[in-house]
Amino acid sequence: MQDIRSVLRDTKPGASITAKGWVRTRRDTKNAVFVELNDGSCFNGLQCVFDAASLDDAARASLAQVSTGAAVAVAGVLVESPAAGQPVELKASGLTVYGPSPADSYPLQKKAHSFEFLREIAHLRPRTNSFGAVARVRNQMAFAVHSFFQERGFQYVHTPIITASDCEGAGEMFQVTTLDLDAIAKRGEPVDWTKDFFGKRAYLSVSGQLNVETYCMALGRVYTFGPTFRAENSNTPRHLSEFWMIEPEMAFAELPENMDLAEAFIKHLLSWALERCGDDLAFFDKRIQPGLIAMLDSVRSSTFAHMSYTDAVKELEARKDDFEFKPFWGCDLQTEHERYLTETVVKGPLIVTDYPRDLKAFYMRRNDDGETVRAMDVLVPRIGEIIGGSEREYRHDVLLDAMKDKHLDPASYWWYLDLRRYGSAPHSGFGLGFERLMRYVTGMENIRDVIPFPRAPKQADF
RNA sequence: UCCCCUGUAGCUCAGCUGGCAGAGCAAGUGGCUGUUAACCACUGGGUCCUUGGUUCGAAUCCGAGCGGGGGAGCCA
């Protein structure tokens with residue numbers, strides 16, 4: 001069986017084919033019934049034309065059950081379409097209805113629905129234009145992540161999803177337990193975590209970075225790509241409780257090489273989308289985010305701007321009256337600051353580097369000035385921070401000092417410190433939020449609409 | 001977690017200073033037409049989110065709760 005994508009692309013008029021898929025719309029005329037069939041293989045559907053006179057009795061009976069959402073097979077001959085709107089269509093001679101879809105109760109109508117409504121029917125929304133397109137682009141972007149790293153000699157490492165160390169330091173964690181908490185609460189006893197599954201408290205990972213650094217110090221160039229969990233009570237269109245993150249890590253690489261990798265990575269992903277998702281992007285450009293394709297195309301051939309944190313603050317101080325939060329050296333960059341820098345000052349992607357060390361994680365390499373670290377944030381218009389990374393502190397004693405500064409217990413990082421004791425080397429890496437990339441590439445506003453089944457505070461349906 | 005907005009038909013929404021529940025689309029029926037967000041006519045369709053209060057009377061005003069959206073923080 002051919003999917004509709006290959007029918008539209010490869011099949012010559014005159015060929016007999018059978019197309020299977022789901023009915024998007026049906027339009028009746030006196031002598032013919034037009035059924036638009038979509039099978040998800042591509043954005044466009046196949047128009048099937050039923051000529052009332054040429055149908056056998058069985059097909060005519062089945063036709064009564066054809067309505068939006070029904071799963072059907074249509075047999076016929078592919079012909080050039082006499083009408084505008086599609087180059088070819090299927091002149092139907094046979095019809096099988098596998099699963100009807102009663103029109104009086106099927107939630108999806110042949111009209112536009114709000115994304116808020118579609119979120120409530122996440123099991124049906126992939127059948128819409130928007131979510132079908134998101135799913136196909138998401139698939140291509142995942143593939144592009146691997147193609148980028150594999151072409152450059154990076155090896156894919158699977159870091160653990162469950163972690164028993166609560167020292168990853170990147171936010172609130174979900175706890176994992178097999179204890180019967182109800183029973184313990186009823187007995188009014190304190191919880192004895194040594195009796196839990198792992199013999200201690202366990203959590204879902206908030207980052208694979210610390211683990212992947214161990215493989216970086218053995219394989220050289222590595223990356224992770226997997227689910228990540230944050231129990232923060234974030235209620236925004238750019239945060240999820242469960243999201244997918246890509247974390248490359250390069251041995252013997254310092255911050256400039258890290259920035260180059262991040263820039264090449266973003267450009268590779270955008271090029272891939274432009275080359276392989278043309279129809280889907282055309283839809284997003286037309287209906288979701290006008291100008292999207294031109295924007296992606298211009299970023300692909302641009303050079304990312306670089307700016308140190310110190311210079312960024314100078315830039316902000318020149319316009320300080322425009323901001324609710326007055327910028328000063330040492331302040332964390334607010335969303336309004338980041339957007340001003342990327343959208344107004346450089347009008348494109350911007351990499352901000354060398355932040356004050358008080359603002360950043362303990363593992364980032366300290367600069368010689370003693371005050372800043374070799375951090376980098378990649379900011380893009382509309383999305384804000386899409387990548388966060390750094391050169392890592394590879395000097396044992398400086399790392400130990402930074403941990404003490406942040407009131408972390410070195411004992412629980414013993415294996416991480418071991419990497420600095422034996423064969424330590426400069427290395428760098430970053431994290432890219434896959435769904436933030438998806439927002440950037442598709443133009444979709446809400447991050448809950450670029451992942452099939454979003455998890456967020458008070459939201460874990462489906 | 002904080003601030004603002006919001007919850008009315010299957011969907012998107014209107015409903016004013018409190019006084020009989022509305023429109024468009026969708027659905028059903030009929031008509032017309034190689035249609036393509038089809039078109040025309042008619043018909044059916046309501047726990048006005050829940051709860052408490054004010055009032056002769058609440059979709060409307062007030063309190064609480066729950067849900068949704070936007071902004072902020074946290075971050076990817």
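Reminder, nothing fancy here: chain letters follow the sequence lines and each chain counts from 1. Everything numeric here is computed off the predicted structure, so don't read it as measured data. Atom set for the values below is all heavy atoms of this structure, side chains included, hydrogens, waters and symmetry mates excluded.
The nearest whole Å value for the distance from the OH atom in A/Tyr340 to the C1' atom in B/A72 is 21 Å. To the nearest angstrom, P of B/A76 lies 17 Å from CD1 of A/Ile451. Distance, A/Met173 CE to B/A76 P: 14 Å, rounded to whole Å. If you take CZ of A/Phe115 and P of B/C11, they are 17 Å apart, rounded to a whole angstrom. As rounded to whole Å, 14 Å separates atom P of B/G73 from atom CG of A/Leu359.
B/C39 is paired with B/G31 under the Watson-Crick or G-U wobble criterion, all donor-acceptor distances under 3.5 Å. A 3.5 Å limit on both hydrogen-bonding distances identifies no Watson-Crick or G-U partner for B/G44. B/C16 is unpaired under the Watson-Crick or G-U wobble criterion, no partner having all donor-acceptor distances under 3.5 Å. If you check B/C2 for Watson-Crick or wobble pairing at under 3.5 angstrom, you find it paired to B/G71. Nucleotide B/A58 forms no Watson-Crick or G-U wobble pair with any nucleotide shown, as no partner meets the under 3.5 Å limit on both distances.
Both the sub-6.0 Å distance and the 45° axial angle are not jointly satisfied by A/Lys406 relative to the ring of A/Phe362.
Under the stacking criterion of a centre-to-centre distance below 5.5 angstrom and an interplanar angle below 30°, A/Phe243 sits stacked against the six-membered ring of B/A76.
Residue-level contact check: A/Gln86 touches the bases, meaning some heavy atom is under 4.0 Å from a base atom. Within the nucleic acid shown, A/Ala103 comes within 4.0 Å of sugar-phosphate atoms alone, with no base atom in reach, counting heavy atoms only. Among the heavy atoms of the strands lying under 4.0 Å from A/Asn233 is at least one base atom, whether or not backbone atoms are also near. As judged by a 4.0 angstrom heavy-atom cut-off over every strand, A/Ser81 is placed among the base-contacting residues. Using a 4.0 Å heavy-atom distance criterion, A/Thr236 is classed as a base contact. Within 4.0 Å of A/Ile386, counting heavy atoms only, lie sugar-phosphate atoms of the nucleic acid but no base atom. Residue contacts for A/Glu89: at a heavy-atom cut-off of 4.0 Å it reaches a base atom on one of the strands shown. Looking at heavy-atom distances under 4.0 Å, A/Ile387 makes contact with sugar-phosphate atoms alone, never a base. Contacts of A/Asp28 with the nucleic acid, taken as non-hydrogen atoms under 4.0 Å apart, include base atoms. Using a 4.0 Å heavy-atom criterion, one finds that A/Asp51 contacts no nucleic acid atom at all. Within the nucleic acid shown, A/Pro107 has no heavy atom closer than 4.0 Å to any nucleic acid atom. No contact: A/Glu324 has no heavy atom under 4.0 Å from any strand. A/Lys110 comes within 4.0 angstrom of sugar-phosphate atoms only, judged by non-hydrogen atoms across all strands, and of no base. Base contact: A/Ser234 has a heavy atom under 4.0 Å from a base atom.
For A/Arg365 and A/Glu391, the salt-bridge test passes: some basic side-chain N is under 4.0 Å from an acidic carboxylate O.
Taking the six-membered ring wherever Trp is involved, the centroid distance between the rings of A/Phe148 and A/Phe154 does not fall below 6.0 Å.
Remark: the A/His239 side chain and the B/C75 base include a donor-acceptor N/O pair separated by less than 3.5 Å. Judged by atom type and distance alone, A/Arg436 reaches the base of B/C75 through a side-chain donor-acceptor pair under 3.5 Å. Below the 3.5 angstrom threshold, one finds no donor paired with an acceptor across the side chain of A/Gln109 and the base of B/U12.
Both A/Gly388 and A/Gly85 sit near RNA chain B, but only A/Gly85 has its closest nucleotide nearer the 5' end. Comparing A/Arg339 and A/Ser114, the nucleotide of RNA chain B nearest to each residue sits closer to the 5' end for A/Ser114.
Between the side chains of A/Glu247 and A/Ser207, at least one donor N or O lies within less than 3.5 Å of an accepting N or O.
Within a 6.0 Å sphere centred on CZ of A/Arg300, other residues, nucleotides and ligands contribute more than 12 heavy atoms.
Classified by interplanar angle (parallel below 30°, tilted 30° to 60°, perpendicular above 60°), the ring pair A/Tyr340/A/Phe323 is perpendicular.
Under the ring pair (Phe, Tyr, Trp, His ring centres under 6.0 Å) test applied with A/Tyr156, the options A/Tyr215, A/Phe149, A/Tyr223 reduce to a single match, A/Tyr223.
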